[in-house]
Amino acid sequence: MAGIKYFTTPIYYVNSYPHLGHAYTTLVVDSLARYYRLKGYEVFFLTGTDEHGDKIVKAAQKVGKSPQEFVDEIATIFRKTWDSLLVTYDNFIRTTEERHKKVVQYILQKLYEKGEFYLDEYEGNYCFGCERFLTSKELDEEGKCKDHKTPPVYLKEKNYFFNLEKYRPWLKELLEKEDLIYPSFYKEEVLNLLEEPLPPLCISRPKARLSWGIELPFDRDYVTYVWFDALINYLSGIGFPENPSWEKLWTNSYHFIAKDILKPHAIYWPIMLRALGLPPYKKLFVHGYWLMHKMKMSKSLGNIVDPLYLSQKYGRDILRYYLLREMAFGYDAEFSLENFILRYNADLANDYGNLIFRTLNLVEKHFKGVVQPYGELRPEDLELRAVVEGALKKYEKYFEALQFHTALEELFQAIRYANVYIDRTAPWKEIKEGRLERAGTILRNLLSAIKAFAIALSPVLPDSSETLLRNLGLNLKDLSFEDTTNWGLPKEGSIVYKGSPLFPRIEKEEISEMKIQEPIKEESKEEKEVYPIEEFRKWDLRIGKVVFAEKVQGADKLLRLEVLCPEKRQIVSGIAQYYKPEELIGKEVVIVVNLKPAKIRGILSEGMLLAAHDDKGLTLIVPEKEVTAGAKVS
RNA sequence: GGCGACGUAGCUCAACUGGUUAGAGCAUGUGGCUCAUAUCCACAGGGUUGGGGGUUCGAGUCCCUCCGUCGCCA
């Protein structure tokens, strides 16, 4: 056994569907997991979903589902997305599972007994979007939450707090002396935060306000804060504390996150572990964002940047390759569909795919697919091997340093060199001139180089590598990274198949179609949001009979109406330019009755008339036949 | 306002602790090959490394300053 690697993605919050950012983290981890398995490591790969909190309850309500129904549904979507992207997670943990809740409660109880928590009354501005109290600095000029643009609610309540400040000196020292966080500029960011005292972390929420969470074992009136719950998945997912194997995994733990959740992972989590008496994780790897300048994320474009859409349209490996090749781990990167296609065509279709196809084609056509024996090896043959082996060394070095884009580039240099080799040795020419042994040697050498590429790239291109190796008469399952440099494979006398092109080119017409689509869609960026019918049902619309109407003094647009629906209401409406008061009396109109009453020109308006307007003017919406005043409109 | 990152060819990025004429890939142009997915190979053009100043025998790399983009904190 070469060693143990325990890799985690964050558990994804199920208030939204999987997007490119989720896919990137997950695919990076999957590629690493596959890579280390190939190298003979014992790998444990954990992913999952974070399912508690107020936002989930709200999102579920919005679509008229119970929280449990809702989270079941989205968790399934996440799992299916990863399955279809060939993600080889070893365990999928959900925070609503019993096995997770038990561990959270165990940890809460333990920390409580150690006296880490204290009860305190707190009052302040609570933002439901953030699910926490905000400081005055976190509010904008209008007193709204800067993130959510909504006014906070003033709350006063008792809660349990965790004194983080106590651990600040320890954490600072730890981060300074150990390279826990990579890339290091994120470490600097955290150290910067640790210059200031840490406010206590509120770890509870009163059930009276929020019940969708894990109950505190020492106080049944509370549930725990989602972050406190969520971070623990990294332990509950490996069977802590009951399954003894948790410890060997934990001491080899590598967390992967996007930069937005740096703080909980770099501050709360190590402190929680310390308080528990556990060592910190081994490393925290932080990556940047995928930006979409040319196509902002919008619902209409959602399908294009939807990881599933991309993989289904172009192949399961393509997205993996693109994401790893294009982003320098740690930094932000630009995603564009055009670039995606260019990258695919240049690297996978033209260089790699074509190399494979032209080689296999020659073997199939002239040697009936039979792998030939090596004849005498010439300097150029050995040169190819040297180039491939050199590239593999660099590939390993960069891959293990998470520099995937450089690693892939290094390997592709060897792939390009193989194209140079086939051109220079021109096996088709040797065949024509009857030197079959020489041609056989060249092709065998090439087949072996291709096998090396297929194995080395299998963590990134699992699907096509498997197919390719099968066509070479091999099986990925029986191979390890060391076989990349076994020039005896594929074996003499075995049969290879060219099959159909592994990476068919995406034609130019298709690319220009996309280019046309992008700007058009961009212009319609004011995408109308869609809502479920429950949202509409919130509005109480009624038929109202106008019994009185008069102009509002001093306002040339306003009329004051009295309407029966069936009780009498006063409504101020801006329709004076289109209707005379006397025209309106006796008319039946549509009224929104549960609108918050407002004073207009000092007159109370208890509702609103519905009207249609275009550039010609305005017309009231009226029932086609006479109906009872107060009849519901739906 | 404080801390930090970034700014290198049209695009995406390299260049270890400062060391010879700043490199790749894509895109562009020209030529070649024909086994191949109109693919591949060769060659070429293209950069006062954001501006300015400084240290040094020598700076993309270090220092100062200004400009621009972004992040975290306030």
Side-chain angles (χ1 to χ4, degrees), chain A residues 135-139 146-147 181 183-199 258-263 266-267 286-289 291 293-294 315 322-323 325-336 338-367 391 394 397-398 401 403-433 439 442-443 446 450 464 498-509 511:
Chain A
T135 62
S136 54
K137 290 156 206 153
E138 289 173 298
L139 303 176
K146 279 179 185 168
D147 284 341
I181 303 173
S184 58
F185 51 85
Y186 289 115
K187 175 178 93 178
E188 299 299 328
E189 212 169 285
V190 176
L191 281 172
N192 202 351
L193 276 171
L194 294 177
E195 290 296 314
E196 307 278 326
L198 288 171
K259 62 184 181 182
D260 57 332
I261 50 175
L262 178 61
K263 199 167 153 181
I267 297 179
V286 187
H287 68 78
Y289 292 150
L291 305 173
H293 258 320
K294 287 173 188 160
Y322 177 79
L323 293 181
R325 175 64 184 80
E326 216 58 27
M327 176 178 267
F329 189 91
Y331 296 88
D332 291 352
E334 186 74 25
F335 181 92
S336 95
E338 194 189 335
N339 200 242
F340 178 85
I341 307 293
L342 286 174
R343 179 57 76 193
Y344 169 76
N345 274 348
D347 292 358
L348 294 178
N350 294 351
D351 288 344
Y352 187 38
N354 190 233
L355 170 73
I356 294 162
F357 199 74
R358 68 200 298 208
T359 304
L360 287 171
N361 181 60
L362 285 168
V363 180
E364 198 163 275
K365 208 150 115 187
H366 300 286
F367 298 98
K394 287 185 178 165
K397 176 184 139 196
Y398 286 115
Q403 298 298 309
F404 308 108
H405 68 307
T406 317
L408 289 167
E409 172 54 26
E410 290 292 348
L411 197 68
F412 268 77
Q413 276 187 30
I415 290 174
R416 277 178 232 118
Y417 186 78
N419 275 316
V420 173
Y421 171 78
I422 195 172
D423 259 42
R424 290 199 185 146
T425 55
W428 52 89
K429 211 167 154 188
E430 302 289 348
I431 290 162
K432 241 181 226 165
E433 294 168 11
I442 294 165
L443 292 173
L446 275 164
I450 289 169
S464 43
K498 86 173 164 182
S500 50
L502 271 184
F503 304 106
R505 233 183 118 70
I506 299 172
E507 293 306 330
K508 288 220 169 71
E509 303 82 70
I511 299 169

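Worth knowing before you read on, the calculation uses all heavy atoms, side chains too, and leaves out hydrogens, waters and symmetry mates. Chain letters run A, B, ... following the sequence lines, proteins first and then strands; every chain starts at 1.
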In whole Å, what is the span from the OH atom of A:Tyr186 to the P atom of B:C73?
-> 13 Å
Could you walk me through whether A:Ile267 and A:Leu194 pass side chain to side chain contact (heavy atoms under 4.5 Å, CB included), step by step?
-> CA-CA 9 Å; A:Ile267 297 179; A:Leu194 294 177; 4.2 Å; yes
Round to the nearest Å and state the distance from A:Ile267 atom CD1 to B:C72 atom P.
-> 14 Å
By side chain to side chain donor-acceptor pair (under 3.5 Å), which residues pair with A:Glu189, not counting sequence neighbours?
-> none
From CD of A:Gln413 across to C1' of B:A15 the rounded distance in Å is 14 Å
Separation between the P atoms of B:G52 and B:U39, rounded to whole Å | 42 Å
Is the A:Phe185 to A:Tyr331 ring centre distance short of 6.0 Å?
-> yes
So what does A:Asn419 hit on the nucleic acid, given a heavy-atom distance under 4.0 Å: a base, only sugar-phosphate, or nothing?
-> sugar-phosphate
When rounded to the nearest Å, what value does the distance between C1' atoms of B:A74 and B:A9 take?
-> 40 Å
Let me know the distance between CG of A:Leu360 and P of B:U37, rounded to the nearest Å.
-> 12 Å
Could you tell me whether A:Glu196 contacts a base, only the sugar-phosphate backbone, or nothing, with contacts defined as non-hydrogen atoms closer than 4.0 Å?
-> nothing
Between A:Phe340 and A:Phe335, what is the ring plane arrangement, given parallel below 30°, perpendicular above 60°, and tilted in between?
-> tilted
Count the heavy atoms of every other residue, nucleotide or ligand shown that sit under 6.0 Å from NZ of A:Lys394, and state whether that count exceeds 12.
-> no
Write down the distance separating the P atoms in B:C13 and B:U21, rounded off to the nearest Å.
-> 28 Å
With sequence neighbours left out, what residues match A:Glu196 under salt bridge (Lys or Arg N to Asp or Glu O under 4.0 Å)?
-> none
Taking atom NZ of A:Lys187 and atom CG of A:Leu262, what is their separation to the nearest 0.5 Å?
-> 13.0 Å
Rounded distance (nearest 0.5 Å) linking atom CD1 of A:Ile422 with atom CZ of A:Arg358 | 4.5 Å
Pairwise 5' ranking along RNA chain B for A:Tyr289 and A:Gly353, keeping only the more 5' one = A:Gly353
Rounded to whole angstrom, note down the C1' distance from B:C35 over to B:G60.
-> 44 Å
Any side-chain heavy atom of A:Phe404 within less than 4.5 Å of one from A:Leu323?
-> no
Decide yes or no on side chain to side chain contact (heavy atoms under 4.5 Å, CB included) for A:Trp428 and A:Leu362, but give the supporting numbers first.
-> CA-CA 7 Å; A:Trp428 52 89; A:Leu362 285 168; 4.1 Å; yes
Interface polar pairs with nucleotides 3-5 of chain B, N/O, under 3.5 angstrom:
{"unit_1": "B:C3", "atom_1": "O2'", "unit_2": "A:Asn192", "atom_2": "ND2", "d": "3.2"}

Quick one, give me the B/S/- string for nucleotides 25-35 of chain B, reading 5' to 3', where B means a protein heavy atom under 4.0 Å from the base and S means that only happens at the primed atoms, P, OP1 or OP2.
-> SS-------SB
If you look at every heavy atom in A:Pro183 and A:Gly330, which pair is closest and at what distance?
-> CG-CA, 3.7 Å
Given that both pair distances must be under 3.5 Å and the pair must be Watson-Crick or G-U, what runs of three or more consecutive pairs involve RNA chain B?
-> B:1-7 with B:67-73, B:10-13 with B:23-26, B:28-32 with B:40-44, B:50-54 with B:62-66
Check: protein-nucleotides 43-45 of chain B nitrogen or oxygen pairs below 3.5 Å:
none

Interatomic distance at C1', B:C3 relative to B:G50, whole Å = 22 Å
With side chain to side chain contact (heavy atoms under 4.5 Å, CB included) as the test, would you mind laying out the steps for A:Tyr352 and A:Phe412 before giving the verdict?
-> CA-CA 8 Å; A:Tyr352 187 38; A:Phe412 268 77; 3.9 Å; yes
How many angstroms lie between CD1 in A:Ile356 and CG in A:Asp351, if you round to the nearest 0.5 Å?
-> 11.0 Å
A:Leu411 CG to B:A14 P: how many Å, rounded?
-> 19 Å
Nearest-Å distance, CZ (A:Phe412) to P (B:C40)?
-> 12 Å
Using the C1' atoms only, state how far B:G25 lies from B:C70, rounded to an integer number of Å.
-> 26 Å
Could you give the CG-to-P distance, from A:Leu443 to B:A36, as a whole number of Å?
-> 13 Å
Can you measure from CG (A:Leu348) to CD1 (A:Ile415) and round to the nearest 0.5 angstrom?
-> 8.5 Å
Using atom C1' of each nucleotide, how far apart are B:A15 and B:G29 to the nearest Å?
-> 27 Å
So which one's nearest nucleotide on RNA chain B is more toward 5', A:Val420 or A:Phe503?
-> A:Phe503
Let me know the distance between CZ of A:Arg505 and C1' of B:C40, rounded to the nearest Å.
-> 12 Å
How far, in whole Å, is B:C26 from B:G68 if one measures between their C1' atoms?
-> 26 Å
Drop me the distance from A:Tyr322's OH to A:Asn339's CG, to the nearest 0.5 angstrom.
-> 4.0 Å
